[in-house]
Protein chains: 2
Amino acid sequence: MKRKQGRPTAKAPILTRQGILNTALRLVDEKGVNALSMRRLAVRLGVDPMAIYHHVPNKQALLTGLVQVVFAELEVPSAGGQSWQDQVRAVARAYQQLAHRHPNLVLYLATDIETAAGAALETTEALYQALAGAGLPPRLVLQAADLIVDYVNGFALAEVAGPLGQPGERQVLIDQLNRHAPDAFPVMRQLFASLTEAELRADFEAGLTFILAGLERFGRG
Amino acid sequence: MKRKQGRPTAKAPILTRQGILNTALRLVDEKGVNALSMRRLAVRLGVDPMAIYHHVPNKQALLTGLVQVVFAELEVPSAGGQSWQDQVRAVARAYQQLAHRHPNLVLYLATDIETAAGAALETTEALYQALAGAGLPPRLVLQAADLIVDYVNGFALAEVAGPLGQPGERQVLIDQLNRHAPDAFPVMRQLFASLTEAELRADFEAGLTFILAGLERFGRG
DNA sequence: ACCTGAACACCGTTCAAGT
DNA sequence: ACCTGAACACCGTTCAAGT
């Protein structure tokens with residue numbers, strides 16, 4: 001824990017854009033996006049609230065900065081010798097796991113497309129490449145990529161959802177069911193009754209499996 | 001424009017939960033969710049801000065109230081004589097159009113699952129019924145329904161996205177591309193070059209088509 | 001029962017000032 | 001160049017008060 005000699009000015013500013021973003025990200029990961037205020041962040045940084053504005057123009061920019069930081073964690077899966085199906089799965093999984101690691105930011109990851117597009121160019125290229133490798137014509141490549149991205153975003157959002165915390169996933173629906181007459185909604189009732197706890201859990205890979213099966217019908221001729 | 005005689009008390013309160021929700025929904029539809037504050041809403045209602053608290057416990061409840069109001073607009077498509085594919089399409093479309101009508105609320109529609117589950121029980125039943133009609137085993141019915149809901153939510157979110165307004169959909173990506181060397185991201189480049197403006201637009205039905213094709217592989221035996 | 005009004009503890013951001 | 005501090009125009013919500 002050595003300290004530089006001399007007064008810590010000019011060459012060694014107290015605050016740094018990177019340092020601010022790192023602290024902000026930790027704050028968001030721990031307490032959620034609503035806990036991120038310029039003033040609370042300043043407390044964590046041990047600094048006057050207004051000092052932050054010297055490194056970040058405003059709160060909006062702070063949030064897009066966080067989106068950039070998070071997307072920088074996304075590494076492109078290498079395409080080496082895998083089937084196009086496995087390549088698509090790898091890309092989708094990489095993004096899904098990213099979202100899973102920063103649940104409180106999912107909304108912004110999904111919503112700030114300008115920043116996301118810039119930060120995920122390589123991943124997007126990898127996805128398009130895999131889909132082109134499936135033999136899909138150009139237009140369907142685009143449509144398939146959209147489907148996959150929308151699915152991942154929707155899945156990630158559902159994982160985060162619930163007004164308080166998360167009740168046991170499907171439990172919410174079952175509770176709602178129990179408020180109605182026992183002969184109402186027979187299909188749902190029978191469905192839930194016939195499945196185990198584990199089978200009721202949301203399954204990211206299952207959705208991908210359906211999508212890939214659909215894509216296979218349109219590729220290669 | 002007749003007015004009741006006598007002083008308008010007791011039997012005819014100025015404020016009503018329904019009236020508050022309607023005004024709030026109009027405010028959100030027009031100016032976005034950030035424009036919805038208890039104080040601004042009070043101005044629109046011509047009332048002291050605190051008057052609202054007599055009918056709605058807090059702002060959170062106001063928002064879940066809006067989700068309920070919006071979901072109440074969702075009408076279940078009748079299953080009459082259609083293929084299961086058309087039934088699935090009809091349900092998905094109904095929800096997508098609902099989201100499209102209230103873009104500023106999409107986040108809450110997708111995220112407040114407790115309220116959504118209660119308000120959309122009939123629609124969910126219709127979806128499960130259609131998927132069971134496809135011959136999917138119970139577990140796959142659930143997974144397929146999740147895929148469809150996640151896709152619709154993701155699609156709706158993408159429609160709303162963008163930090164400011166919406167630039168021309170795909171334009172964002174193309175702009176990002178142009179900041180890089182002309183030999184970077186060749187697959188994307190060729191893709192965009194080969195498609196017309198119209199073909200670049202997001203296509204909700206196309207995603208559904210892929211999903212349905214995938215489901216057909218797992219149904220009926 | 002229903003609405004008002006002052007008050008409290010928060011926000012983001014501007015602007016002038018310090019070193 | 002970098003940080004501080006007061007100030008402004010907002011928030012959601014509590015609580016006492018009016019009718």
Side-chain angles (χ1 to χ4, degrees), chain A residues 3-25 27-28 30-67 104-105 107-108 112 163-164, chain B residues 3-25 27-28 30-67 104-105 107-108 112 163-164:
Chain A
R3 272 185 188 257
K4 288 258 178 61
Q5 305 260 333
R7 57 195 160 96
T9 45
K11 287 270 87 166
I14 296 170
L15 249 36
T16 282
R17 187 183 140 89
Q18 262 310 313
I20 292 171
L21 289 177
N22 289 340
T23 303
L25 182 56
L27 184 59
V28 168
E30 287 168 22
K31 315 262 186 182
V33 119
N34 285 337
L36 177 66
S37 75
M38 301 302 267
R39 297 169 115 108
R40 228 186 299 223
L41 180 56
V43 171
R44 282 227 180 178
L45 290 165
V47 106
D48 184 278
M50 297 312 110
I52 297 169
Y53 283 86
H54 226 272
H55 303 264
V56 172
N58 51 43
K59 192 180 178 180
Q60 181 57 242
L62 190 66
L63 282 164
T64 74
L66 291 184
V67 173
N104 297 333
L105 242 106
L107 170 64
Y108 291 87
D112 188 350
L164 321 158
Chain B
R3 273 184 187 259
K4 290 255 177 62
Q5 304 260 335
R7 57 196 160 94
T9 44
K11 287 270 90 166
I14 296 170
L15 249 35
T16 281
R17 188 182 140 89
Q18 262 310 313
I20 292 172
L21 290 177
N22 288 341
T23 303
L25 183 56
L27 185 58
V28 168
E30 288 169 20
K31 315 260 187 184
V33 121
N34 285 336
L36 178 67
S37 75
M38 301 302 269
R39 298 169 113 108
R40 229 187 298 225
L41 180 56
V43 171
R44 282 228 181 177
L45 291 165
V47 107
D48 184 278
M50 297 314 111
I52 297 168
Y53 283 86
H54 226 270
H55 304 263
V56 172
N58 51 40
K59 192 181 178 179
Q60 183 55 244
L62 190 66
L63 281 164
T64 75
L66 291 185
V67 173
N104 297 333
L105 254 143
L107 171 63
Y108 291 85
D112 188 349
L164 321 160

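Chain letters run A, B, ... following the sequence lines, proteins first and then strands; every chain starts at 1.
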Novice: Please round to the nearest 0.5 Å and tell me the distance separating atom CD1 of B/I14 and atom CG of B/L45.
Specialist: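 If I round to the nearest 0.5 Å, the distance is 10.5 Å.
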Novice: Going by salt bridge (charged side-chain N to carboxylate O under 4.0 Å, His left out), name the pairs with one or both residues in residues 30-46 of chain A, residues two or more places apart or in two chains.
Specialist: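 Every salt bridge (charged side-chain N to carboxylate O under 4.0 Å, His left out) pair that includes a residue of residues 30-46 of chain A, provided the two are not neighbours, is A/E30-A/R44.
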Novice: Measuring only between side-chain heavy atoms, which start at C-beta, is B/L25 closer than 4.5 Å to B/L105?
Specialist: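 Yes. Closest side-chain heavy atoms under 4.5 Å.
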Novice: For a quick check, with a 4.0 angstrom heavy-atom cut-off, what is the B/S/- contact string for nucleotides 10-15 of chain C, read 5' to 3'?
Specialist: -BBBB-
Novice: Can you confirm whether A/N104 sits close enough to A/L36 that some side-chain heavy atom of one is under 4.5 Å from a side-chain heavy atom of the other?
Specialist: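 Sidechains of A/L36 and A/N104: no contact.
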Novice: Expressed in angstrom and rounded to an integer, what is the separation of B/I14 atom CD1 from C/dT4 atom C1'?
Specialist: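 In whole Å, C/dT4 C1' lies 11 Å from B/I14 CD1.
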Novice: Using the test side-chain contact (heavy atoms from CB on, under 4.5 Å), find all partners of B/V33 that sit at least two apart in sequence or belong to another chain.
Specialist: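 B/V33 satisfies side-chain contact (heavy atoms from CB on, under 4.5 Å) with B/V28, B/L63, B/Y108 only.
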Novice: Rounded at 0.5 Å granularity, tell me how far CG in A/N22 sits from CG in A/L27.
Specialist: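 Spacing of CG (A/N22) from CG (A/L27) equals 12.5 Å.
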Novice: Measure all distances between protein nitrogen or oxygen atoms and nitrogen or oxygen atoms of nucleotides 16-19 of chain C, and list the pairs falling under 3.5 Å.
Specialist:
none

Novice: Mind pulling the stems DNA chain D is in, i.e. runs of at least three Watson-Crick or G-U pairs, everything under 3.5 Å?
Specialist: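 Stems found: C:4-8 with D:12-16, C:12-16 with D:4-8.
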Novice: What's the shortest heavy-atom distance between B/A24 and B/L62, and which atoms?
Specialist: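 So the minimum-distance heavy-atom pair works out to CB-CD1, 4.4 Å.
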Novice: How long is the straight-line distance from NZ of A/K59 back to OG1 of A/T64, given to the nearest 0.5 Å?
Specialist: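 That separation rounds to 13.0 Å.
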Novice: Would you indicate, yes or no, if D/dT4 has its OP1 or OP2 atom less than 4.0 angstrom from a side-chain nitrogen or oxygen of A/H54?
Specialist: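 The answer is no; no side-chain N or O of A/H54 sits under 4.0 Å from OP1 or OP2.
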Novice: For residues 46-57 of chain B, run the donor-acceptor check on the side chains, cut-off 3.5 Å, and write out each pair with its distance to 0.1 Å, sequence neighbours left out.
Specialist:
{"from": "B/D48", "atom 1": "OD1", "to": "B/M50", "atom 2": "N", "distance (Å)": "2.9"}

